[in-house]
2 protein chains.
Amino acid sequence: MLDAVARVRRFNRAVTSAVGALDNSFLGRGRPLGAARVLNAIGHGRSDVAEIRDYLGLDSGLMSRLLRSLEDEGLVETEAHENDARRRVATLTRTGKREFAAYEALSNAQAEGFLAQHSQAEALLAAMDLVASTLTRERIALDEMDPRSEEARYCLGEYYAELGRRFSQGFDVSLSRDPDAKDMRRPRGTFIVAMSDTLPIGCVGLKGTDHGYAEIKRLWVAPAARGLRLGRRLMDAAEDAARGLGIALLRLDTNSALPEAGRLYRTTGWREIPRFNDDPYPDLFFEKRL
Amino acid sequence: MLDAVARVRRFNRAVTSAVGALDNSFLGRGRPLGAARVLNAIGHGRSDVAEIRDYLGLDSGLMSRLLRSLEDEGLVETEAHENDARRRVATLTRTGKREFAAYEALSNAQAEGFLAQHSQAEALLAAMDLVASTLTRERIALDEMDPRSEEARYCLGEYYAELGRRFSQGFDVSLSRDPDAKDMRRPRGTFIVAMSDTLPIGCVGLKGTDHGYAEIKRLWVAPAARGLRLGRRLMDAAEDAARGLGIALLRLDTNSALPEAGRLYRTTGWREIPRFNDDPYPDLFFEKRL
DNA sequence: CATAATATCTGACTTTAGTCAGATATCGTG
DNA sequence: CACGATATCTGACTAAAGTCAGATATTATG
């Protein structure tokens, strides 16, 4: 009754019926689920027919017919791809956009209704993030992004907030050596964000310097993604990027108030070295030769 | 991208594809999903045909045919209900039990595989419990049970463990006035367990005394079910039971280390009274006239 | 005990999803 | 420019799910 497997299976039963209910609410718009899914995929910006087919796992014949039925309803228009006349590109008509908006409203209402059931929404959301990150673990993408991008700035904001909570003296970015964004762009360095679906769940920066080494900065994993060994994946990606940039020596600083970070470095080939900067926050310094 | 609704919808997408994968694994046994679902419902103890139909949301014609196909396969036998010859009762044959066991093995393997993905399984399970409890909130059943039942003992064990964590001096049941089970059985009192699917997620005891009042004891809500206002539902149920037993006055004791409990009592018509027992743990005492 | 309600079953459907083999047009490459 | 690869479409299917109107047997109720 109470072992781990039973708890997972209870969860499965709960979400199976919830998912079924959501599907049913979609059927209320008088269109089979398959067609509704295609319409929504287009609405969410997937215009390339092959991409939609792949995303929804549809047979090409079925896909073709579903698109045709949406065209017959006047919701979708297709035209040839501008660079490849074999491919088709689908767009929503004005009516199609209205219909898509109605599906969006249904989804949003369902989500809001669910949140309203719980008096501590943030705890519930954190739990959902964790489960969703785990379920989609193999689809977490590590993307190189500009450190000024929305995703990067979100991660950095969360990272600073967490340091503020975990350092007994708090954390003030302006006192720290905030890396210049251009040092974390190719060819000097890079910035990598881990994306789970549309949610940024981790980051790491590789900051180029003029001192014969590059630095690893801003390694962060969202609470909702801890336990998935994402920190290790991010570090591997940063080291790979460094190798690609011809960097032979890496350094980083950290703080003993972040023991999980220290453990990660020690178990992945980093060795502790003396202080190499005058940043007030770090008290541990590491180096790794690639 | 990051607002609450978007996070819920990301979760929905993640579980939708996971649920689809689970369904697909069920198809591997050469039987349509509908038939597999009926077989599993019977295997899980739902024998009454109408109950299965209701649980799976099936049309009576469809249900009848699915049952027939399982009978043709030699997996299921049906007979008339002993008290009502209109109703049918389905049971698994020996072969049916074997087949059900194969489905169970698939489900268990899937659950184990999922858990193995995560290095902090307990945090993941807690998150899943919370989400599942919220999703099935309207199906949480408050059942009167014997305080010695497995479910009751599980709740009490969790309750004692939590007191041990939250009281600075720990908690030792033997030092407390452990209520006699027979005082929490009808007609002296009762014991109510909140069940979410197969998981006990809360409890409360109504303990009869010979002093002109009854006591509320052992109010507990599982961490995975907090925020659902289950404590209030349990208290309402206990008070209803007390009224049904002709009890006019209720008392309870609690501890200021459990502030959420104190808040609940104060906002639901209880008034603080002087100490009325010599139990070493409580430091707050309440009374409510029904 | 007549009558309404209930539970299941059967036959005759429709809709949806999915499969598969070609047909057609276009693209990339040597 | 021939040729294989690719993207889509069409026709012809099957399987699964679901719907609906009775038929039958049984039970509950006034």
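These numbers were taken from a predicted model, which means no experiment stands behind them. Per chain, numbering begins at 1; letters A, B, ... match sequence-line order.
Distance CD1 (A:I52) to C1' (D:dA7): 13 Å, rounded to an integer number of Å. Rounded to a whole Å, the CG atom of B:L67 is 10 Å from the C1' atom of C:dT8. Taking atom CD on B:E79 and atom P on C:dT8, their separation rounds to 13 Å, with Å as the unit. The distance between atom CG of B:L66 and atom P of C:dA7, rounded to the nearest whole Å, is 19 Å. D:dT6 atom P lies 16 Å from atom NE2 of A:H81, rounded to whole Å. Following rounding to the nearest Å, A:E71 (CD) and D:dT8 (P) show an atom-to-atom distance of 13 Å. C:dT16 atom C1' lies 14 Å from atom CG of A:D23, rounded to whole Å. When rounded to the nearest whole Å, the span between CG of B:L62 and C1' of C:dA7 equals 16 Å.
At a cut-off of 3.5 angstrom, counting only N and O atoms as typed in the model, there is a donor on one side and an acceptor on the other between the side-chain of A:R86 and the base of D:dT6. For A:R88 against D:dT8, a side-chain-to-base donor-acceptor contact under 3.5 Å is absent.
Between A:L33 and B:D48, the residue whose closest nucleotide on DNA chain C is further toward the 5' end is B:D48. Along DNA chain D, the nucleotide closest to B:L58 and the one closest to A:G61 are compared, and the more 5′ of them pairs with A:G61.
A salt bridge between A:R185 and A:D146 is present, with a side-chain N of the basic residue lying under 4.0 Å from a carboxylate O of the acidic one. Salt-bridge check for B:R153 with B:E150: failed, with every basic side-chain N at 4.0 Å or more from each acidic carboxylate O. A salt bridge is absent between A:D236 and A:R233: the closest approach of a Lys/Arg side-chain nitrogen to an acidic carboxylate oxygen does not fall below 4.0 angstrom. Salt bridge annotation for B:R87-B:E51: absent, with no cationic side-chain nitrogen under 4.0 angstrom from a carboxylate oxygen.
When each of D:dA7, C:dT26, D:dC9 is scored by its nearest atom to the side-chain atoms of A:R87, the top-ranked nucleotide is D:dA7. For A:S64, the listed nucleotide lying nearest its side chain is D:dC9; candidates were D:dC9, D:dA7, C:dC27.
Using a 4.0 Å cut-off, some side-chain N or O of B:R68 falls inside it from OP1 or OP2 of C:dC9.
In this structure, B:R65 reaches the bases: a heavy-atom distance under 4.0 Å links it to at least one base atom across the strands shown. Within the nucleic acid shown, B:D84 comes within 4.0 Å of sugar-phosphate atoms alone, with no base atom in reach, counting heavy atoms only.
Counting only distance, with no hydrogens or angles, the side chain of B:D54 and the backbone of B:A50 share no donor-acceptor pair below 3.5 Å.
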